[in-house]
Amino acid sequence: MNALPSSLFSPLVQGYWRMAHWNMTPQQRLTFIKQHVELGVTSVDHAPVYQSEALFGEALALEPSLRAQLQVISKCGIIPGQGEQVAHYDSGQAEIITSVERSLTNLQVEKLDVLLIHRPDLLMQVDEMAEAFAQLKAAGKVEHFGVSNFSVAEFNLLQSRLDVPLVTNQIEINPINMQATEDGTLAQMQQLKVRPMAWSCLAGGQLFNGESAQAKRVQHTLQQVADEIGASCIDEVAYAWVMKLPANPVPIIGSGKIARVQTALNALELTMTREQWYRIWAATKGHGVA
Ligand SMILES: NC(=O)c1ccc[n+]([C@@H]2O[C@H](COP(=O)([O-])OP(=O)(O)OC[C@H]3O[C@@H](n4cnc5c(N)ncnc54)[C@H](OP(=O)(O)O)[C@@H]3O)[C@@H](O)[C@H]2O)c1
């Protein structure tokens, strides 16, 4: 297993899950894309279920030359419920290929830099998936492949059938949800020298508005550490906390406000001590280490 070029993703990635709620005109969307690219956030994270690919593509079509500066990530495998049909997963060969073709059309790009299987599908036939990946690569439609929300066993299973390394596991990591630090996912990434991508680094906003006793403890401690290390707000501390993990996660930014993208980038300059990192850990857990 080899390490990927560290340049595969920009230091932070812009997420587009919430774009449909940003109520931007195509020109405003284009301006936002250009602004984050100018700040060095050149990787963009999409998924068909976010229903934002066409909005992004419409903006990109206003200035197609911008594509060359982007690393475009999208996903596949979640089939939303419709009528009597329940939402389900499909990572069969036909669905993977059809989904990528739809994403390319909606995003108005020729190729995805990275395709992720969005969630582990209990019915996944990994040989079929490997075949779909090979076809997409040969057709020039996808450059790299990865997964999202996969367990260690699921990652190993799929990897065992591929002759190219999976480039990431995109997982939730934030000071409230530390599951990936405990279930071996991050240890596996570190072992394989594969950089995970971290989604919901701000716990989807709960870091600011969470009302539980745990959320309050975490908010208080993040503010305390912010004051100690000269961070302007707790967002910066949360991103720095995620990036201190030795698996070297790449945070995905969820906000559509350029000032908040800048805030996230400020975290790259912050350092915290082990004691400060564990103080945030202890605030979440409600106890210190043994
Ligand atoms: N693979 C997966 O299964 C998966 C799952 C979820 C997400 N993702 C990816 O990860 C990206 C990020 O996830 P996320 O959106 O949950 O990230 P997040 O950063 O944890 O949450 C973003 C939310 O927090 C709010 N927020 C940010 N700063 C704030 C502040 N200072 N005060 C109050 N609210 C604030 C944002 O509001 P504003 O918009 O108003 O700033 C937005 O609603 C997504 O766009 C998507 O690309 C992947």
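Read the numbers this way: they start at 1 and go in the same order the structure lists the ligands and their atoms.
Nearest to atom 13 (O) of ligand 1 among the protein's heavy atoms is S200 N, 3.5 Å. Nearest protein heavy-atom neighbour of atom 11 (C) of ligand 1: I252 CG2, 3.5 Å. Of the protein's non-hydrogen atoms, L202 CD1, 3.6 Å is the one closest to atom 27 (C) of ligand 1. The shortest contact between atom 12 (C) of ligand 1 and any protein heavy atom is with G254 CA, 3.6 Å. In this structure, atom 21 (O) of ligand 1 lies nearest to the protein heavy atom G204 CA, 3.3 Å.
Ring pair Y50/H118 is perpendicular by interplanar angle, where above 60° counts as perpendicular and below 30° as parallel. The aromatic rings of H46 and Y16 sit parallel to each other, their planes meeting at less than 30°, with 60° as the upper class boundary.
Contacts between H46 and ligand 1, counted as non-hydrogen atom pairs separated by less than 4.0 Å, are absent for every part of the residue. Under 4.0 Å from ligand 1, not a single heavy atom of A47 appears. Under 4.0 angstrom from ligand 1, there are no non-hydrogen atoms of I171. Only the side chain of R119 comes within contact range of ligand 1, with a heavy atom under 4.0 Å; no backbone atom does. In W17, the parts holding a heavy atom less than 4.0 Å from any atom of ligand 1 are both the side chain and the backbone. Residue-level proximity to ligand 1 for L207 is absent, since no heavy atom of it falls below 4.0 angstrom. At a heavy-atom distance under 4.0 Å, no atom of C233 approaches ligand 1. With a 4.0 Å heavy-atom cut-off, ligand 1 is reached by the backbone of S255 and by its side chain too. If you look at Y16 next to ligand 1, the close heavy atoms, those under 4.0 Å, all belong to the backbone.
For ligand 1, the atoms sitting less than 4.0 Å from at least one non-hydrogen atom of K257 are 38 (P), 40 (O), 41 (O), numbered in the order shown with element in parentheses. Every atom of ligand 1 with a heavy atom of G15 under 4.0 Å away is listed here by number and element: 45 (O), 47 (O). Atoms of ligand 1 found under 4.0 Å from any heavy atom of C201, numbered from 1 in the order shown, are 20 (O). Those atoms of ligand 1 with a heavy atom of A203 less than 4.0 angstrom away are 20 (O). Listed by number with element, the atoms of ligand 1 under 4.0 Å from a non-hydrogen atom of G205 are 21 (O), 24 (O). The distance from ligand 1 to the heavy atoms of N149 drops below 4.0 Å at these ligand atoms: 1 (N), 2 (C), 3 (O).
Heavy atoms of M19 stay at 4.0 angstrom or farther from ligand 1. Residue contact annotation: K75 has a non-hydrogen atom under 4.0 Å from ligand 1.
For the pair E95 and R102, the salt-bridge criterion is met [side-chain N within less than 4.0 Å of a carboxylate O]. Ion pairing between R67 and D113 holds under the 4.0 Å rule for side-chain N and carboxylate O. One finds no salt bridge joining E172 and R119 here, because no Lys/Arg side-chain nitrogen approaches an Asp/Glu carboxylate oxygen to under 4.0 Å. Looking at E228 and R279, a side-chain N of the basic residue comes within less than 4.0 Å of a carboxylate O on the acidic one, giving a salt bridge.
Ring-centre distance between F133 and F145: below the 6.0 Å cut-off.
Screening L222, V218, V225 against I234 for a side chain to side chain contact (heavy atoms under 4.5 Å, CB included) leaves a single residue, L222. Of the candidates E58, E53, E63, E58 is the only one forming a salt bridge (charged side-chain N to carboxylate O under 4.0 Å, His left out) with R29.
Of all the listed residues (D45, V13, D235), D45 holds the heavy atom that lies closest to atom 47 (O) of ligand 1. When Q206, R18, E236, H21 are ranked by how near their heavy atoms come to atom 22 (C) of ligand 1, first place goes to R18. Of the candidates F208, Y239, W22, W199, it is W199 that places a heavy atom closest to atom 4 (C) of ligand 1.
A donor and an acceptor atom, one from each side chain of T273 and Q276, are located under 3.5 Å apart. Donor-acceptor pairing under 3.5 Å is recorded for the side chains of N156 and Q188.
A side-chain donor-acceptor contact under 3.5 Å links R195 to the backbone of N248. Judged purely by atom type and a 3.5 angstrom limit, S10 uses its side chain to pair as donor or acceptor with the backbone of T42.
The environment of NE2 in H88 is crowded: more than 12 heavy-atom neighbours from other residues, nucleotides or ligands sit within 6.0 Å.
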Derivation of the salt bridge (Lys or Arg N to Asp or Glu O under 4.0 Å) call for K111 and E101: CA-CA 9 Å; K111 183 187 215 176; E101 284 168 351; over 6 Å; no
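Of the polar atoms of R260, at least one N or O is found under 3.5 Å from an N or O of ligand 1, judged by distance alone.
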